[in-house]
Amino acid sequence: MEKMKRTATCGSLRASDENKTIILNGWVHRNRDHGGIHFINLRDRYGETQIVVDEDVPAELAELAGSLKFEYCVAIEGVVRKRPDAMINPDMPTGEIEVSVKKIEVLNTCLTLPFMIEDETDSNETARLKYRYLDLRSKGMQERIILRSKVTHAARDFLQRTGFLEIETPTLIKSTPEGARDFLVPSRLHAGKFFALPQSPQLYKQLLMVSGFDKYFQVARCYRDEDARGDRQLEFTQVDLEMSFVSRDDVLTVTEGIMANVFKETMGVELQTPFERLSYDDAMNLYGSDKPDLRFEMAFQDFAPFVPGSDFSVFKSVLESDGVVKAMVVPGAAAAYSRKKITELEDTAKTYGARGLAWMKVTAEGLDGGVSKFFGDQADAIKSGLGANDGDLILLMAADWKTACTSLGAVRSRLGKDLDLIDESVFRFCWIVDFPLFEYNEDEQAWEPAHHMFSMPQDQYLDTFESDPGPVKGDLYDLVLNGYELASGSIRVHDPELQQKIFNVVGFPKEQAEERFGYLLESFRYGAPPHGGLAFGLDRLVMILAGKSSIKEVIPFPKNSAGMSPMDESPALVDEPQLNDLHLQVVMPEED
Ligand code: ASP
């Protein structure tokens, strides 16, 4: 290797390098024989360079060149020359030059490929994951993994510059509840005992605050043993931070600084800070989601004022039973939305629990179709009240508040896509604040923490949260980008008595809390400072920046949607002696 060690990369040569003798190392991306002249595209992570094996080279060299197959790993020595004008390729950074080859060394051959190494592979996921090391050679994957590295660097750089310490927390721990199932690791040394893998560094970062490391961060791997749902991975990465002596706005400002640095350094985009803030109630009322995509408007309006003047009993009875009637004006959609297409929208609403979706169209004369017959005599008031114009479609949803919001929100999201209302080049951030602290689980008939159980109720609820958990708002915040929840965090409880009361509300009796988080509660009795923090999903952020819709596209070695790795075939069975060491016996479930 010594002699054929590269002196340039496949992305670096330009016209100004003319006449230099260079050595390149890389992979054979293409090899074309044009009547005795070989054109080889050599590729590495920096780019591609055209290598030319001229007609007049010694026969041995020509033969070797002809034998190079896809993805052979080779070293070539040659002289840089300018391409003839007609051959200049403006799409390639190295497109002005080619390398006239003098020597080739095959560093390694390559078997027949399971799929071609294209810019973006369209082969199936199993093949891509089984041969991930090959898939990662594609230009798209290379760019995304490089982007990921830059994003991590930009986040780290900002945090380190602003006084944060990067501190690692253990991954063999007791348990950190984030609402998912723990992955367990059996202990060999302590028969019958298990470690849990962290669902997040939550408890440890709080302990670091008790220890006085008032600005902490970590690029943290987290593990949640969840069923394959949507785009989840069993392990994922979050940038986790925690600060002492802060209020909510301090945490938001730091996070905005990280995002601004990441976007500037990786995309050259200057973000406007501070980001917009919406309360949870407003986000639900206006967009029907706690992670609204604000790249398009179509906010909901209250239709209740028009109901008493009509004799539409469906809406009336919903209002009488404390429900709501919401309206969404879809500009210019009246003509395009036939009854059939509206039924499709209704089906979307129904999957979120709605019983139906009412509609009417705005015409120059008034209102038409759907439920318009009940509201015809209020047409002018409705048009001006809702700001609706001729040609608009008005969608109406009557239900209890939450169902009305979420189901109309789902319709809004669908319309955003169907009507092509989304400008994909825009990055639209917003904070959602003032979340409910607790959620009622109808199945379990119990209150649960909306985020996790270490978050602070807002001051005005401190006297009432135990007796009346429903209305309590917490000092919780989520960062939303283009309809994705990117980060969440909270100001934490740092008073052991208050923490115990919260455990009580979510059904954690004192003994159980002591057993599981006794060390945290105890630490609070040793001068724990007020603190708060947040974590943002690194995978998701990179995915959005890369313009992709699955985090698998930005994770080097992800699991497939069944939670397995087709490459190393994990999870795998283990040997009897290993199980014995761990004091374990496997009881296989019965086959159905
Ligand atoms: N531990 C939380 C999470 O992983 C984030 C936080 O509250 O800081 O979602």
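Both ligands and their constituent atoms are indexed starting at 1 by order of listing. Just so we're clear, the structure is a prediction, and the values are computed from it rather than from any experiment. Values below: all heavy atoms of this structure, side chains included; hydrogens, waters and symmetry mates excluded.
Numbered from 1 in the order shown, with element, the atoms of ligand 1 that lie under 4.0 Å from a heavy atom of L534 read 8 (O). The Q238 neighbourhood of ligand 1 comprises atoms 4 (O), with distances under 4.0 Å to a heavy atom of that residue. Atoms of ligand 1 lying under 4.0 Å from at least one heavy atom of G489, given by number and element, are 6 (C), 7 (O). Atoms of ligand 1 found under 4.0 Å from any heavy atom of H452 (numbered from 1 in listed order, with element): 1 (N), 2 (C), 6 (C), 7 (O). Contact atoms of ligand 1 toward K205: 6 (C), 8 (O) (distance under 4.0 Å to a heavy atom of the residue).
Between H494 and P530 the shortest heavy-atom distance is ND1-CA, 3.6 Å.
For the pair R45 (side chain) and Q142 (backbone), a donor-acceptor distance under 3.5 Å is absent. Using a distance-only test at 3.5 Å, with no hydrogens or angles considered, no donor-acceptor pair links the side chain of Q199 to the main chain of C222. Side-chain atoms of H583 come within 3.5 Å of backbone N or O of R188 as a donor-acceptor pair.
Under the 4.5 Å side-chain criterion, counting only non-hydrogen atoms from C-beta, F164 is not in contact with R156.
Between R492 and ligand 1, at least one N/O pair is under 3.5 Å apart. For a threshold of 3.5 Å applied to N or O pairs, the pair formed by Q202 and ligand 1 contains at least one separation below that value.
If you check which protein heavy atom lies closest to atom 2 (C) of ligand 1, you get E178 OE2, 3.4 Å. In terms of protein heavy-atom proximity, atom 5 (C) of ligand 1 is closest to S488 O, 3.4 Å.
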Only distances under 3.5 Å count here; give the side-chain donor-acceptor pairs of residues 542-557 to other protein atoms, sequence neighbours excluded, each with its distance to 0.1 Å.
unit_1: S550; atom_1: OG; unit_2: D231; atom_2: OD1; d: 3.1
unit_1: S550; atom_1: OG; unit_2: K552; atom_2: N; d: 3.1
unit_1: K552; atom_1: NZ; unit_2: E125; atom_2: OE1; d: 3.2
unit_1: K552; atom_1: NZ; unit_2: E125; atom_2: OE2; d: 3.4
unit_1: E553; atom_1: OE1; unit_2: R128; atom_2: NH2; d: 3.1
unit_1: E553; atom_1: OE1; unit_2: R144; atom_2: NH2; d: 2.9
unit_1: E553; atom_1: OE2; unit_2: R128; atom_2: NH1; d: 3.0

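Of the heavy atoms in A535, both backbone and side-chain atoms come closer than 4.0 Å to ligand 1. In E485, neither the side chain nor the backbone holds a heavy atom less than 4.0 Å from any atom of ligand 1.
Ring planes of F454 and H452: tilted class, angle from 30 to 60°. In this pair, F429 and F275 present their aromatic rings parallel. The plane angle is below 30°, not in the 30 to 60° band. Taking the six-membered ring for Trp and thresholds of 30 and 60 degrees, Y519 and Y204 have ring planes inclined between 30 and 60 degrees apart.
Between R224 and ligand 1 there is a heavy-atom distance shorter than 4.0 Å. The closest approach between H451 and ligand 1 falls below 4.0 Å for a heavy atom of the residue.
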